[in-house]
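Data block below; observations after.
Treat the numbers as computed from the prediction; the structure is a model and nothing was measured.
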Amino acid sequence: WLVIAVGLVRAYLAKGSYHSLYYSIEKPLKFFQTGALLEILHCALGIVPSSVVLTAFQVMSRVFLTWAVTHSVKEVQTEDSVLLFVVAWTITEIIRYSFYTFSLLNHLPYLIKWARYTLFIVLYPMGVSGELLTIYAALPYVRQSGLYSISLPNKYNFSFDYYTFLILVMISYIPIFPQLYFHMLHQRRKVLSHTEEHKKSE
């Protein structure tokens, strides 16, 4: 994720514009975000003590955005909303993996812990906004092209409308996003208040 961050900064400095920076980090984004599927396996095997369901939703939603929307609908790749979620993901992951690394080394700076449980307050809505706006921008092109849609009649007697599916995905954010967001707020209160109490006791 640091590779992606550096790629974004270098591309911005070279172009002097934040528009269409997606192309400068497209390959590493696809590689690293797809690699995050291993996190679901790590949770399932108990290597990481995180919820399999929450991890699966977060990882799969990002992989879906990366491949089934941004990669598949070329027209949205120039949208500023793509940069919005890429920046949010990148900062979030750099902080998160730094948190994990220093925790494993038993030397976790308070600043990283604070950033892990505070910056999401802005980054999470920023990322979700970028994701939703990108899906919304893809809708007309999906409808026009019939991308991934299956029409009747066919030998399987089955139909699938990808346009409608994307709308349902957008609607699913309404109940799921608040749950994840308030879960993180709860975690923040628990972790940071515990740290403050520990400091006072010292």
- Query: Hey, does the side chain of Q77 reach the backbone of V73 with a donor-acceptor pair shorter than 3.5 angstrom?
  - Reply: no

- Give the minimum heavy-atom separation between L21 and Y12, together with the two atoms involved. CD2-N, 3.8 Å

- Among W67, Y148, Y141, whose side-chain hydrogen bond (donor to acceptor under 3.5 Å, both in side chains) with S72 holds? Y148

- Query: Is the side chain of K74 donor-acceptor paired with the backbone N or O of T78 at a distance under 3.5 Å, no angle test?
  - Reply: no

- Item | Shortest non-hydrogen contact from T134 toward G130 | OG1-O, 2.7 Å

- Task: Taking Y181 for its side chain and I121 for its backbone only, find out whether a donor-acceptor pair lies under 3.5 Å.
- Result: yes

- Compute whether any side-chain donor of one residue and acceptor of the other, for T118 and R188, lie under 3.5 angstrom apart. yes

- Query: Do the rings of F160 and F165 sit parallel, tilted or perpendicular, given the 30° and 60° boundaries?
  - Reply: tilted

- Message: Do E79 and Y22 pair up side chain to side chain, a donor and an acceptor below 3.5 Å, judged on atom types alone?
- Response: no

- Using the six-membered ring wherever Trp is involved, compare the ring planes of W89 and W1 and label them parallel, tilted or perpendicular (cut-offs 30° and 60°). perpendicular

- Query: Looking only at heavy atoms, what is the nearest atom pair of L123 and A88, with distance?
  - Reply: O-CB, 3.6 Å

- F177 and Y124: aromatic ring centres closer than 6.0 Å? yes

